[in-house]
Novice: 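Here it is, the structure, as structure tokens.
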Amino acid sequence: MTALDIIIMAAGKGTRMKSRTPKVLQRLAGRPLLQHVLDQAASLRARRVVVITGHGATEVEANCAQGTGAGAQFDLQCVRQEPQLGTGHAVQQAVPRLAGDGTVVVLSGDVPLTQAATLRALVEASNGGRLALLTVQLPDPTGYGRIVRAADGTVQRIVEQKDASEAQRAIGEIYSGIMAVPARLLGPWLARLTNDNAQGEYYLTDIVAMAVADGVPVVAHRITDALQVAGVNSPVQLAELERAHQMRQAVALMEQGVRLADPARFDVRDDAKTGARAALVCAQDVEIDVGCIFSGRVEIGEGAQIGAYCCIANASIAAGAVIQPFTHIDGEKQGASVGQGAQVGPFARLRPGAQLGREVHIGNFVEVKNSQLADGAKANHLAYLGDATVGERVNYGAGSITANYDGANKHRTVIEADVHVGSNCVLVAPVTIGAGGTVGGGSTITKDTPPGSLSVARGKQMSIANWKRPLKQAR
Ligand code: UD1
Ligand code: CA
């Protein structure tokens with residue numbers, strides 16, 4: 001294998017996106033387009049990657065520098081192209097940064113779905129000495145560079161849409177914008193480019209005719225899957241690629257045995273908050289209903305069921321757990337976990353540090369943050385558990401909350417095993433409710449309670465006999 005360097009073109013404006021965000025930083029599956037392309041570079045084990053920036057260069061370079069994942073595996077450099085005089089001119093800016101040996105692969109920052117195997121095949125076709133073009137046959141090739149072949153089928157040149165004759169425009173085989181080229185030939189060819197064409201640009205694609213003239217073999221590696229070379233130019237195209245990408249992930253999961261109610265209503269994404277890479281890992285017989293969104297790393301155990309319209313990020317759901325519809329789980333950096341056979345939702349919210357044991361029940365409109373609930377604990381309705389340690393089999397009543405924040409610091413509430421907290425209680429932390437104890441409904445508990453006790457802390461009930469309600473006064 002010859003050494004591999006990669007040039008990623010990312011200087012273009014992307015006018016049709018109608019966005020303040022540079023095009024290559026638009027997100028697909030929660031991940032900037034450029035990061036998808038950097039992932040491709042990583043899968044090729046590139047030695048060096050040079051990203052050509054222009055429009056939005058500062059933002060694009062900052063995103064590269066974050067090196068989320070892939071970027072860490074190779075030497076990543078950015079070079080600015082100002083002004084932008086065409087794709088040939090773009091590549092020319094990168095050449096001085098390359099070692100001059102091995103193979104160079106040219107990619108576009110706005111083509112996110114190329115598969116690693118395709119790029120590997122392209123590099124193989126180049127084989128250290130040939131110019132290899134990735135091409136595809138399109139039913140409507142309008143706008144693309146056409147692959148012009150001689151009578152014997154050998155590739156002669158690429159002609160751009162605006163320079164093509166009527167006959168050439170009828171050619172359906174187009175250049176994808178991706179090529180593999182021997183590094184030692186690239187520099188000299190680029191030096192010979194002119195901008196004598198319909199757009200007054202330096203076309204990278206003109207090196208094809210130069211290769212033919214120099215007797216360097218040109219090979220077209222033609223694929224049939226147009227998605228792999230589809231670029232993003234507009235919000236509509238971005239959405240199309242998003243759906244196609246999600247469908248691929250859905251199909252892969254279904255092939256592993258996951259039951260998706262509708263693969264067209266299913267999303268797995270990078271997590272925007274933490275930057276965690278999308279990774280949904282499912283055991284056998286997992287069922288996922290429509291409209292769920294999984295972000296970052298999510299693990300789901302055997303036989304677990306995820307109801308419709310749940311958003312689940314950075315969490316693990318153990319075997320047999322049932323997550324009812326419209327539940328929101330976001331573990332952020334800390335993570336969140338749901339124990340075996342637990343039942344959560346509908347309309348529940350689990351936040352970072354929520355750790356539910358086996359058979360825990362969390363019902364509608366219950367929020368849990370940074371709290372451990374031991375096996376069999378239940379909070380079934382309208383409640384808040386923050387910074388709490390909850391023992392086994394605790395029953396936490398409707399409308400009860402832990403007052404965990406005094407305005408400056410957060411404090412812990414400990415609810416020991418087998419406690420029964422009535423409805424509408426306020427447990428003012430730091431406080432401990434002793435094992436087996438009961439807290440009467442409506443109590444505001446500010447002091448620790450002894451095990452086995454009944455604690456009631458509220459105004460005593462009084463009743464005034466024959467009470468007359470005020471009457472409306474005549475004016
Ligand atoms: C290019 C190809 C065309 C191919 C098509 C595939 C040329 C001359 N034509 O056409 O044969 O079918 O891609 O999509 O190469 N860019 C820069 N600097 C520049 C110009 C462009 O970095 O000065 C970047 C763009 O941001 C983009 C990529 O290069 O990522 C392609 O540029 P674009 O203008 O879209 O090329 P096309 O005219 O579509
Ligand atoms: Ca284009």
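When a ligand or atom number is given, it counts from 1 through the structure's own listing order.
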Novice: Report yes if some N/O of Met9 lies less than 3.5 Å from some N/O of ligand 1; otherwise report no.
Specialist: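 Met9 vs ligand 1: N/O contact under 3.5 Å present.
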Novice: Distance-only, no hydrogens or angles: does the Asn127 side chain make a donor-acceptor pair with backbone N or O of Gly129 under 3.5 Å?
Specialist: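 Absent.
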Novice: Against heavy atoms of Ala90, which atoms of ligand 1 measure under 4.0 Å?
Specialist: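 Counting from 1, the qualifying ligand atoms are 17 (C), 18 (N), 22 (O).
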Novice: For Ala11, is at least one N or O under 3.5 Å away from an N or O on ligand 1?
Specialist: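 Ala11 vs ligand 1: N/O contact under 3.5 Å present.
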Novice: Count the heavy atoms of every other residue, nucleotide or ligand shown that sit under 6.0 Å from CZ of Arg45, and state whether that count exceeds 12.
Specialist: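 Atom CZ in Arg45 is not packed in, count stays at 12 or less.
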Novice: With a cutoff of 4.0 Å, is His89 in contact with ligand 1, counting heavy atoms of the residue only?
Specialist: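 Judged by the 4.0 Å heavy-atom criterion, His89 does not count as contacting ligand 1.
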Novice: For ligand 1, is there an atom lying under 4.0 Å from some heavy atom of Ser176?
Specialist: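 Right, Ser176 reaches ligand 1.
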Novice: For Thr205 and ligand 1, answer yes if some heavy atom of the residue is under 4.0 Å from a ligand atom, otherwise no.
Specialist: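 Judged by the 4.0 Å heavy-atom criterion, Thr205 does count as contacting ligand 1.
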Novice: Using the rule given for side-chain hydrogen bond (donor to acceptor under 3.5 Å, both in side chains), can you reason through Lys162 versus Asn197, listing the C-alpha separation, both sets of side-chain angles and the distance that settles it, and then say yes or no?
Specialist: CA-CA 9 Å; Lys162 288 189 177 141; Asn197 53 53; over 6 Å; no
Novice: Check this for me - ligand 1, Tyr203, N or O atoms closer than 3.5 angstrom, yes or no?
Specialist: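 No, no N or O pair falls under 3.5 Å.
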Novice: Hey, can you tell me if Phe294 and Phe266 have their rings parallel, tilted or perpendicular (30° and 60° cut-offs)?
Specialist: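 Judged by the thresholds at 30° and 60°, the geometry between Phe294 and Phe266 is tilted.
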Novice: Is a side-chain donor-acceptor pair under 3.5 Å present for Gln228 with Thr118?
Specialist: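 Yes.
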Novice: For the residue pair Gln246 and Gln249, confirm or rule out a side-chain donor-acceptor distance under 3.5 Å.
Specialist: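 Short answer, yes.
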Novice: Any N or O on Ile158 sitting closer than 3.5 Å to an N or O of ligand 1?
Specialist: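 Ile158 vs ligand 1: no N/O contact under 3.5 Å.
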Novice: Please check whether Gly86 reaches ligand 1 - meaning an N/O of the residue sits under 3.5 Å from an N/O of the ligand, judged on distance alone.
Specialist: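 Yes, since at least one N or O of Gly86 sits under 3.5 Å from an N or O of ligand 1.
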Novice: For atom 18 (N) of ligand 1, which candidate among Gln199, Gln81, His55 provides the closest heavy atom?
Specialist: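 Closest candidate by heavy-atom distance is Gln81.
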Novice: Relative to the heavy atoms of Gly145, which atoms of ligand 1 are at a distance of less than 4.0 Å?
Specialist: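 Under 4.0 Å from Gly145, ligand 1 has these atoms: 3 (C), 4 (C), 11 (O), 12 (O).
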Novice: Looking only at side chains, do Arg349 and Thr327 share a donor and an acceptor under 3.5 Å apart?
Specialist: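 No.
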Novice: Do you see a donor-acceptor pair shorter than 3.5 Å between the side chains of His411 and Asp387?
Specialist: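 His411 vs Asp387: no donor-acceptor pair found between side chains.
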Novice: For ligand 1, is there an N or O atom under 3.5 Å from any N or O atom of Glu160?
Specialist: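 Looking only at distances, the answer is yes, because the N/O contact criterion of under 3.5 Å is met.
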Novice: Report the part of Leu85 (side chain from C-beta onward, or backbone N, CA, C, O) that has a heavy atom under 4.0 Å from ligand 1; answer both or neither where that applies.
Specialist: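 Contact part for Leu85 vs ligand 1: backbone (N, CA, C, O).
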Novice: Please list, in number order, the atoms of ligand 1 under 4.0 Å from a heavy atom of Ser108.
Specialist: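 What qualifies from ligand 1 is 28 (C), 30 (O).
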Novice: Decide whether Asp196 and Thr194 meet the rule of one side-chain donor and one side-chain acceptor closer than 3.5 Å.
Specialist: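 No, no side-chain donor-acceptor pair sits under 3.5 Å.
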